[in-house]
Protein chains: 2
Amino acid sequence: MKLDDAAARLEALGNPTRLKIYRTLVRAGAEGLPVGRLQAKLDAAASTLSHHLKALVVVGLVTQTREGTTLVCHANYDVMRELLGYMVEECCAEGSCAPVVLPKVA
Amino acid sequence: MKLDDAAARLEALGNPTRLKIYRTLVRAGAEGLPVGRLQAKLDAAASTLSHHLKALVVVGLVTQTREGTTLVCHANYDVMRELLGYMVEECCAEGSCAPVVLPKVA
DNA sequence: ATAGTATTTCTAATATTCTAGAAATACCGT
DNA sequence: ACGGTATTTCTAGAATATTAGAAATACTAT
């Protein structure tokens, strides 16, 4: 991942509402959560939520799949993993800041 | 760490210039880097750099120690570690997004 | 005290973000 | 085709961020 991509993703997560959205989607697990359900949980205006969701989708942290009339949102773990990998590799000194370790994934 | 603190730190890192600053400080290692040296490396106006550095200092990601007339900047690994810990715990699903593992630090 | 280097604060212009109402679009069931 | 629910896009106002020049401050050496 390039620095600019990492920055864009960090910026996407760097807003309390969007971080709440992402965390909520992670907790929703594999089945995801419809936009409407997110809206109810976070108590935000529909247009505001849509705006923030788009910011997360654009950088790849969230994906959406349509199921009839509802749009189901999913946290994209692959992108989050890449982002964390970037941070550990580029923004941590070995030993100093690495209680977070990347094991070799087979 | 609370969600709002995490968001503030992610936002601080979510700007290409500031992410570059932070990464450069990490690479500078324990001795840190004077503001002036950072300025030369990143080729930014002094006032702009100072502004961005302040954003990183305010959220605790960077610390500064004065050495005579120069201010030396250091990446604060503790805060980065906390931030990564937050992301792994709150924003990852076990198994799905956890190539990043938190080992117990003795 | 003065001069010189390092850095910040002040200021202002431009750009971007955030918020949410209103209107538009997407999809389904009948 | 129509009505209803779900969601987005349009729009606009207020707030915040970004940039950098100019002035101010901090410190050291003489």
Side-chain angles (χ1 to χ4, degrees), chain A residues 3-25 28 31-76, chain B residues 3-25 28 31-76:
Chain A
L3 184 136
D4 282 349
D5 294 324
R9 284 158 178 173
L10 291 167
E11 183 185 36
L13 292 172
N15 168 283
T17 299
R18 286 194 297 268
L19 188 53
K20 245 170 252 168
I21 290 172
Y22 189 83
R23 196 186 55 163
T24 303
L25 291 180
E31 67 259 46
L33 213 59
V35 173
R37 207 81 82 69
L38 259 178
Q39 194 195 343
K41 286 206 185 218
L42 303 181
D43 193 33
S47 57
T48 302
L49 182 68
S50 182
H51 165 75
H52 284 306
L53 267 173
K54 191 172 172 182
L56 289 165
V57 169
V58 160
V59 300
L61 281 163
V62 166
T63 61
Q64 297 177 313
T65 61
R66 188 168 276 284
E67 275 180 27
T69 162
T70 82
L71 251 194
V72 182
C73 306
H74 307 264
N76 185 339
Chain B
L3 184 136
D4 282 349
D5 294 324
R9 283 158 180 174
L10 291 167
E11 183 185 36
L13 291 171
N15 169 283
T17 300
R18 286 195 297 269
L19 188 53
K20 246 170 252 168
I21 291 172
Y22 189 83
R23 197 185 55 162
T24 303
L25 291 180
E31 67 261 45
L33 213 59
V35 173
R37 208 82 82 67
L38 259 177
Q39 193 195 343
K41 285 206 184 216
L42 303 182
D43 194 33
S47 57
T48 301
L49 182 68
S50 182
H51 166 76
H52 283 305
L53 268 173
K54 190 172 172 181
L56 289 165
V57 169
V58 160
V59 300
L61 280 163
V62 167
T63 60
Q64 297 177 313
T65 61
R66 189 167 276 284
E67 275 180 27
T69 162
T70 82
L71 251 193
V72 182
C73 307
H74 308 264
N76 185 339

Enquirer: May I ask you to evaluate whether B:R66 reaches the phosphate of C:dT7, defined as a side-chain N or O under 4.0 Å from OP1 or OP2?
Expert: no

Enquirer: For A:E67, report the nucleic acid contact type (base, sugar-phosphate, nothing); a contact means any heavy atom under 4.0 Å.
Expert: nothing

Enquirer: What is the distance, to the nearest angstrom, from the CD1 atom on B:I21 to the C1' atom on D:dT19?
Expert: 13 Å

Enquirer: What's the closest nucleotide to the B:H51 side chain, out of C:dA6, D:dT18, C:dT9?
Expert: D:dT18

Enquirer: Mind checking the CG-CG spacing from A:L71 to A:L53? Nearest 0.5 Å is all I need.
Expert: 9.0 Å

Enquirer: Verify the contact: side-chain N or O of A:Q64 to OP1 or OP2 of D:dT8, cut-off strictly under 4.0 Å; return yes or no.
Expert: yes

Enquirer: Roughly, in whole Å, what's the span from CG in A:L53 to P in D:dT8?
Expert: 7 Å

Enquirer: B:T70 and B:R37: side-chain contact (heavy atoms from CB on, under 4.5 Å), yes or no, with the steps?
Expert: CA-CA 10 Å; B:T70 82; B:R37 208 82 82 67; over 6 Å; no

Enquirer: For B:L49 and C:dA6, give me the distance from atom CG to atom C1', rounded to whole Å.
Expert: 12 Å

Enquirer: Tell me which residues in residues 32-46 of chain B put a heavy atom below 4.0 Å from DNA chain D, sorted by number, or none.
Expert: B:A45

Enquirer: Tell me which nucleotide among C:dT9, C:dC18, D:dT19 gets nearest to the side chain of B:T17.
Expert: D:dT19

Enquirer: Applying side-chain contact (heavy atoms from CB on, under 4.5 Å), run through A:L61 and A:R18 and close with a yes or a no.
Expert: CA-CA 11 Å; A:L61 281 163; A:R18 286 194 297 268; over 6 Å; no

Enquirer: Tell me what A:T48 touches on the nucleic acid: a base, only sugar-phosphate, or nothing, going by heavy atoms under 4.0 Å.
Expert: base

Enquirer: Can you tell me how far NE2 of A:H52 sits from CG of A:N15, rounded to the nearest 0.5 angstrom?
Expert: 5.0 Å

Enquirer: With B:L13 as reference, evaluate B:V59, B:I21, B:L56 under the side chain to side chain contact (heavy atoms under 4.5 Å, CB included) test and give the passing residue.
Expert: B:L56

Enquirer: Measure the spacing between OG1 of A:T48 and CD of A:Q39 and express it to the nearest 0.5 Å.
Expert: 9.0 Å

Enquirer: Let me spell it out: for each of B:S47 and A:S47, pick the nucleotide of DNA chain C with the closest heavy atom. Which residue's pick is nearer the 5' end?
Expert: B:S47

Enquirer: Take the protein atom CG of B:L56 and the nucleotide atom C1' of C:dT8, then report the distance between them rounded to whole Å.
Expert: 16 Å

Enquirer: Which listed nucleotide (D:dT9, C:dT17, D:dT7) is nearest to the side chain of A:L71?
Expert: D:dT7

Enquirer: Think A:K54 has a side-chain N or O under 4.0 angstrom from the OP1 or OP2 of D:dT9?
Expert: yes

Enquirer: Compare the minimum distances between each of C:dC18, D:dT19, C:dC10 and the side chain of A:N15, then state the nucleotide with the smallest one.
Expert: C:dC18

Enquirer: Separation of B:R18 atom CZ from D:dT16 atom P, in whole Å?
Expert: 15 Å

Enquirer: Could you tell me whether the side chain of B:T24 and the main chain of B:K20 form a donor-acceptor pair under 3.5 Å?
Expert: yes

Enquirer: Between A:L10 (CG) and D:dA17 (P), how many Å, whole number?
Expert: 17 Å

Enquirer: What's the CD-C1' distance between B:E11 and D:dT18, to the nearest Å?
Expert: 13 Å

Enquirer: Indicate yes or no for a side-chain donor-acceptor contact from A:N76 to the backbone of A:G60 under 3.5 Å, with no hydrogens or angles considered.
Expert: yes

Enquirer: Would you kindly compare B:T69 and A:T70 by the position of their nearest DNA chain D nucleotide and give the one closer to the 5′ end?
Expert: A:T70

